[in-house]
Trainee: 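The structure's right below; bear with me while I get my questions together.
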Amino acid sequence: MTVHEDAAHALLEEFQSEPGDAGMLTRMTASLHEGAYSRQLISWVGQTQHEPAYWPPHQVAALTHVLDGLAYGRIVRRRIPVGATPGPDADRQGNAAKLEAVSRPFLAHLSMLQNGADSDGTFSWKQPINLWRALGVRLLQEKGLYGSLHAPFKIKPWKVPLEVGYTLPSRTLMHLMVEGAVARWAYDDTEICLLLDLSRLGEMVGTRPLPAGVDPFDVGL
């Protein structure tokens with residue numbers, strides 16, 4: 001078992017020991033079995049050859065932790081167009097060529113020889129960028145679905161891990177806990193989703209916190 005899977009098992013035990021977290025985990029598990037979720041949203045956190053409904057409990061716990069962070073503004077995000085979906089993992093040259101379409105100030109570098117490395121490559125930017133943070137304000141969208149209102153959050157130049165195609169939720173969680181960020185280019189997605197955990201960034205963080213008096217909403221997972 002890998003280090004990130006061990007961490008996910010520890011997280012699962014924490015969830016199970018707290019009634020509120022245990023309830024959230026139960027609702028997430030139910031939504032995965034019912035198919036009541038956004039495939040793109042889930043793929044930003046994890047994507048495997050198996051449907052999320054068949055993921056083991058510790059992977060569901062890792063998924064729940066990251067999605068909860070996004071909903072409550074602890075994790076910020078930005079979507080960067082690539083214009084193509086990734087090919088098979090073995091086609092590293094082909095995927096690297098597709099990543100050349102990423103526009104400035106972003107730069108994606110795919111390792112040609114992964115050899116069991118902790119990531120598929122790196123994703124960087126050389127000037128401050130805006131990411132988006134949930135404000136906890138519900139917004140009625142099409143078909144009666146509720147989303148959340150987001151506001152920009154500035155981040156300084158940096159280099160973060162890049163994960164392409166299949167990856168476990170626990171690996172995404174590990175990157176957020178250790179490096180504070182990860183860039184995800186999932187299969188069937190023409191965009192890279194950049195995720196950053198504000199509690200882990202230290203001096204990289206900008207200066208746009210949640211407005212005073214705004215409470216985060218219950219995402220209903």
Side-chain angles (χ1 to χ4, degrees), residues 4 7-29 31-32 37-38 40-46 52 58-80 119 123 125 128-139 146-156 158-163 167-184 186 192-221:
H4 58 85
H9 275 285
L11 177 64
L12 175 61
E13 292 180 2
E14 291 181 16
F15 273 24
Q16 292 173 333
S17 67
E18 295 290 338
D21 291 339
M24 181 171 61
L25 185 61
T26 298
R27 292 190 294 273
M28 172 61 80
T29 301
S31 71
L32 294 178
Y37 59 85
S38 163
Q40 183 183 49
L41 177 62
I42 298 294
S43 71
W44 292 345
V45 184
H58 65 284
Q59 295 297 341
V60 178
L63 170 69
T64 303
H65 180 85
V66 177
L67 293 184
D68 185 65
L70 281 167
Y72 279 72
R74 297 188 301 272
I75 297 175
V76 295
R77 64 176 175 83
R78 176 162 174 168
R79 295 159 64 178
I80 299 96
S119 66
F123 190 77
W125 53 97
I129 62 170
N130 280 335
L131 280 83
W132 297 90
R133 182 177 188 176
L135 295 180
V137 178
R138 282 201 170 212
L139 183 66
Y146 279 91
S148 62
L149 188 63
H150 290 74
F153 195 93
K154 191 175 292 293
I155 300 291
K156 299 177 182 178
W158 202 17
K159 179 185 291 185
V160 307
L162 171 66
E163 292 288 354
T167 195
L168 290 169
S170 59
R171 183 175 290 277
T172 298
L173 176 63
M174 178 195 69
H175 285 310
L176 291 171
M177 293 177 65
V178 177
E179 291 101 345
V182 63
R184 276 285 295 134
I192 289 172
C193 183
L194 177 61
L195 303 173
L196 293 94
D197 188 331
L198 298 183
S199 66
R200 302 284 177 172
L201 299 187
E203 64 181 15
M204 305 305 300
V205 174
T207 57
R208 300 182 183 179
L210 288 171
V214 175
D215 295 322
F217 66 87
D218 181 356
V219 294
L221 296 176

Trainee: Just how far is it from atom CG of Leu162 to atom OG1 of Thr167, taken to the nearest 0.5 Å?
Mentor: 10.5 Å
Trainee: Between Thr29 and Leu32, is any pair of side-chain heavy atoms under 4.5 Å apart?
Mentor: no
Trainee: Measure the CE-CD distance between Met24 and Glu18 for me, rounded to the nearest 0.5 Å.
Mentor: 11.0 Å
Trainee: At their closest point, which heavy atom of Glu163 faces which heavy atom of Arg184, and how far apart are they?
Mentor: O-NH1, 3.2 Å
Trainee: Considering all heavy atoms of both residues, which atom of Leu173 and which atom of Ala62 are nearest to each other, and what is their separation?
Mentor: CD2-CB, 3.9 Å
Trainee: Indicate the ring-plane relationship of Trp125 and Trp158, choosing parallel, tilted or perpendicular according to the 30° and 60° boundaries.
Mentor: perpendicular
Trainee: Got a donor-acceptor contact below 3.5 angstrom from the Arg171 side chain to the His4 backbone?
Mentor: no
Trainee: What's the separation between atom CD in Glu179 and atom CE in Met174, rounded to the nearest 0.5 Å?
Mentor: 6.0 Å
Trainee: Set out, in order, the CA-CA distance, both residues' side-chain angles and the distance that settles side-chain hydrogen bond (donor to acceptor under 3.5 Å, both in side chains) for Ser170 and Gln59, then state yes or no.
Mentor: CA-CA 6 Å; Ser170 59; Gln59 295 297 341; 3.0 Å; yes
Trainee: Kindly compute the distance separating CE (Met28) from CG (Leu63), expressed to the nearest 0.5 Å.
Mentor: 4.5 Å
Trainee: Just how far is it from atom CG of Asp21 to atom OG1 of Thr64, taken to the nearest 0.5 Å?
Mentor: 9.5 Å
Trainee: Minimum heavy-atom separation for Ile75 to Val66, with atom names?
Mentor: CD1-O, 3.6 Å
Trainee: How many angstroms lie between atom NE2 of His58 and atom CD of Gln16, to the nearest 0.5 angstrom?
Mentor: 12.0 Å
Trainee: Measure across Phe123 and Ala183 and return the closest heavy-atom pair with its distance rounded to 0.1 Å.
Mentor: CB-CB, 3.6 Å
Trainee: Determine, stepwise, if the pair Glu14 / His65 fulfils side-chain contact (heavy atoms from CB on, under 4.5 Å).
Mentor: CA-CA 11 Å; Glu14 291 181 16; His65 180 85; over 6 Å; no
Trainee: I'd like to know whether His175 forms a side-chain contact (heavy atoms from CB on, under 4.5 Å) with Asp197, so could you lay out the CA-CA distance, the side-chain angles of the two residues, the decisive distance to 0.1 Å, and finally the verdict.
Mentor: CA-CA 9 Å; His175 285 310; Asp197 188 331; over 6 Å; no
Trainee: What's the shortest heavy-atom distance between Leu196 and Ala181, and which atoms?
Mentor: CG-CB, 3.7 Å
Trainee: Between Leu176 and Leu195, what is the shortest heavy-atom contact and its length?
Mentor: CD2-O, 3.7 Å
